[in-house]
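Model, not experiment: these values are computed from the prediction. Nothing fancy with the numbering, it's 1 onward along the sequence.
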Amino acid sequence: MYHHVKKLMYTVRVDVPDPRFGNMLLEQFGGANGELAAAMQYSVQGLNCEDPERKDLLMDIGTEELSHLEVVGSLARLHLKPLKFDREHAEADPLIAIAGGGGVNLFNSQGNPWTADYLKITGELDVDLRSNIAAEARAKIVYERLINFTTDAGTIDALQFLMTREITHMKAFSAALESMGKPRFVIGRIPPTPGLVDQFFNTSTGEGQDGEIDARGPWNSGEELQMVEAPAFQQLAGAAANGRSGAVDDRTTSSTAAPDLIEGLLVEQLADLLDAENQLVKALPGMADAARADALTSAFEQHLEQTRQHVERLKQAFNLVGATAASEPCAGMAGLVDEGNEVIEDYEAEEEDVAADLALIAAAQKVEHYEISAYGTARTMAGQAGLPEVAALLNKTLAEEEVSDNLLTQIARELMSEVRTGETKAPRRSNRRVAADGE
């Protein structure tokens with residue numbers, strides 16, 4: 001039985017209505033990743049569930065999603081309200097203003113009607129739980145993007161509440177899946193073909209201007225997976241590679257008319273990067289110590305360990321090229337490190353933690369962008385010089401630099417969200433020092 005309590009789970013407040021933003025909100029009302037889709041998916045899964053404990057979980061969260069639908073609908077309705085009486089606003093969205101009377105309906109932001117095709121229901125509990133985890137992750141990202149497109153404080157508060165509940169549901173679904181005790185990759189009842197199940201087919205080819213390098217990682221090589229040539233290429237590999245094993249195209253062949261020249265430039269680039277990374281190993285501890293938010297301190301400390309690995313990879317790259325691992329002074333990194341030290345000094349006495357951390361992140365991201373550019377150039381040079389193993393090493397570091405840059409962006413967004421809402425979410429190192437001094 002469903003019982004409607006005449007009070008929102010979260011009291012919605014909109015200070016300044018924004019009809020265009022109200023239309024965006026409809027994505028979470030009648031869209032593919034919206035609250036109605038979630039409520040129906042979990043509730044129907046619950047009806048099908050033979051496990052009484054996990055059935056209770058599905059029905060609980062499915063019911064909560066219905067309450068979220070009411071929150072989103074109320075929020076959207078308040079933003080769309082000017083469409084009821086203001087012609088200029090009504091002309092911007094006649095479907096809502098004329099056909100819907102300025103209210104909400106089961107449409108997404110583009111006016112497409114809600115459909116049961118959005119639902120992922122297999123009747124296999126572990127498979128459905130995995131779908132639910134993915135659904136909550138998608139909804140979390142949608143709420144995050146909505147937050148970034150509004151400045152209305154009441155709206156941000158409500159969206160932050162809804163976004164947070166998505167993570168709570170992810171935790172619950174993940175715990176329920178884990179509690180089933182099934183191995184991660186045991187799906188259904190019929191076992192996969194031994195051997196074949198552990199082969200990752202390398203089905204993309206190309207080098208330099210003809211394509212990207214073959215990347216290596218735990219997703220295609222390691223304890224559980226082995227990279228092999230795609231079956232369509234295996235019989236042709238020998239002739240195409242002139243007797244050598246490998247792919248149809250010879251990945252050890254240079255794609256440039258002057259491989260020796262490119263290789264010489266690559267060695268210079270590696271020498272510059274080696275000095276840059278060594279400078280960063282010395283600079284990161286100071287940046288970690290200057291950070292106020294725990295998340296930022298942790299990011300710098302984690303990147304310090306990665307940077308030490310980057311130094312070792314560069315030495316491996318020198319060895320593969322056949323050159324001595326020697327660094328050349330990197331003036332670019334030296335300037336960026338000096339700029340970072342100036343930021344630390346300038347904001348050392350700053351009482352506002354968020355301002356100090358944002359300035360530090362800005363300096364750190366300049367370093368990341370420099371390294372991303374440098375590693376991208378070196379990787380391309382290695383590919384053109386016919387050195388795929390070197391290119392793979394550099395590509396691995398490049399990927400880690402990009403992840404570090406994205407993490408800093410995420411931390412910055414969270415800090416700026418604190419400024420908008422006035423709520424401090426992340427623990428502060430400065431707060432702990434004040435408490436210790438007080439004791």
Side-chain angles (χ1 to χ4, degrees), residues 1-4 8-10 22-77 95-96 100 103-146 158-159 161-180 182 184-190:
M1 177 189 294
Y2 287 92
H3 182 86
H4 181 238
L8 290 174
M9 188 176 193
Y10 183 95
N23 183 273
M24 293 184 189
L25 286 168
L26 294 179
E27 200 61 44
Q28 281 302 86
F29 193 76
N33 302 307
E35 299 296 350
L36 179 62
M40 293 297 97
Q41 179 165 308
Y42 307 156
S43 298
V44 175
Q45 288 174 356
L47 291 173
N48 291 331
C49 187
E50 302 291 343
D51 180 333
E53 294 178 338
R54 290 165 188 82
K55 178 187 182 75
D56 184 57
L57 161 74
L58 292 164
M59 298 306 288
D60 277 347
I61 297 182
T63 303
E64 182 180 343
E65 299 290 7
L66 282 175
S67 73
H68 291 180
L69 181 71
E70 188 172 6
V71 173
V72 173
S74 298
L75 191 63
R77 185 181 61 81
L95 177 65
I96 295 176
V104 298
N105 207 330
L106 292 180
F107 295 91
N108 65 10
S109 58
Q110 299 300 306
N112 299 316
W114 187 90
T115 171
D117 289 342
Y118 294 152
L119 309 187
K120 303 293 182 287
I121 300 167
T122 69
E124 198 74 23
L125 181 57
D126 58 320
V127 176
D128 284 344
L129 287 172
R130 287 184 173 93
S131 294
N132 297 351
I133 293 167
E136 295 292 336
R138 289 191 296 269
K140 194 274 184 187
I141 291 299
V142 172
Y143 279 125
E144 186 173 304
R145 290 169 179 166
L146 285 169
L159 294 174
F161 168 81
L162 293 165
M163 182 185 74
T164 299
R165 294 304 297 167
E166 308 298 341
I167 300 300
T168 305
H169 296 167
M170 282 184 68
K171 289 181 179 180
F173 287 136
S174 297
L177 178 61
E178 185 177 348
S179 71
M180 293 178 68
K182 293 188 66 173
R184 285 185 300 162
F185 304 116
V186 174
I187 307 297
R189 294 168 180 78
I190 300 175

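A distance of 6.0 Å separates CG of L58 from CG of L129, quoted to the nearest 0.5 Å. The distance from the CG atom of L159 to the OG1 atom of T164 is 10.5 Å, given to the nearest 0.5 Å. A distance of 9.5 Å separates CD of E65 from CD of Q41, quoted to the nearest 0.5 Å. Rounding to the nearest 0.5 Å gives a distance of 11.0 Å between CD of E124 and SG of C49. One finds the CG atom of L25 at 11.0 Å from the OG atom of S74 (value rounded to the nearest 0.5 Å). If you take CG on L66 and CD on E64, they are separated by 10.5 Å, rounding to the nearest 0.5 Å.
With sequence neighbours excluded, the residues satisfying salt bridge (Lys or Arg N to Asp or Glu O under 4.0 Å) with D126 are R130, K182. Here E27 pairs with S109 under the side chain to side chain donor-acceptor pair (under 3.5 Å) rule; sequence neighbours left out. Taking the side chain to side chain donor-acceptor pair (under 3.5 Å) definition, one finds that N23 meets it with D93, sequence neighbours left out.
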Requested in this report: Tell me, with the steps shown, if Y42 and N132 meet side chain to side chain contact (heavy atoms under 4.5 Å, CB included).
Outcome: CA-CA 8 Å; Y42 307 156; N132 297 351; 3.3 Å; yes
**Report entry** Full working for side chain to side chain contact (heavy atoms under 4.5 Å, CB included) between L69 and F29
**Finding:** CA-CA 6 Å; L69 181 71; F29 193 76; 3.4 Å; yes
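Using a 4.5 Å heavy-atom cutoff, the side chains of L162 and Q28 are not in contact. Within the 4.5 Å cutoff, side-chain heavy atoms of R165 are placed close to those of T168. Between N33 and Y118, the closest side-chain pair of non-hydrogen atoms is not below 4.5 Å. Between V104 and V72 there is no side-chain heavy-atom pair separated by less than 4.5 Å. Residues N108 and W114 have side chains not in contact (no heavy-atom distance under 4.5 Å, counting atoms from C-beta outward). Between S179 and R54, some side-chain heavy-atom pair lies under the 4.5 Å cut-off.
Of all the heavy atoms in I133 and S174, the pair that sits closest is CD1-OG, 3.5 Å. Residues A39 and G62 come closest through the heavy atom pair CB-O, 3.6 Å. Taking all atoms of both residues into account, the shortest heavy-atom contact from G22 to A76 is O-CB, 4.1 Å.
K140 and E144 are joined by a salt bridge, as a carboxylate oxygen and a charged side-chain nitrogen come within less than 4.0 angstrom of each other.
A parallel orientation is assigned to the rings of H169 and H68, their planes being inclined by less than 30° (bins at 30° and 60°).
Looking at Q45, its side chain does come within 3.5 Å of a backbone N or O of K120 through a donor-acceptor pair.
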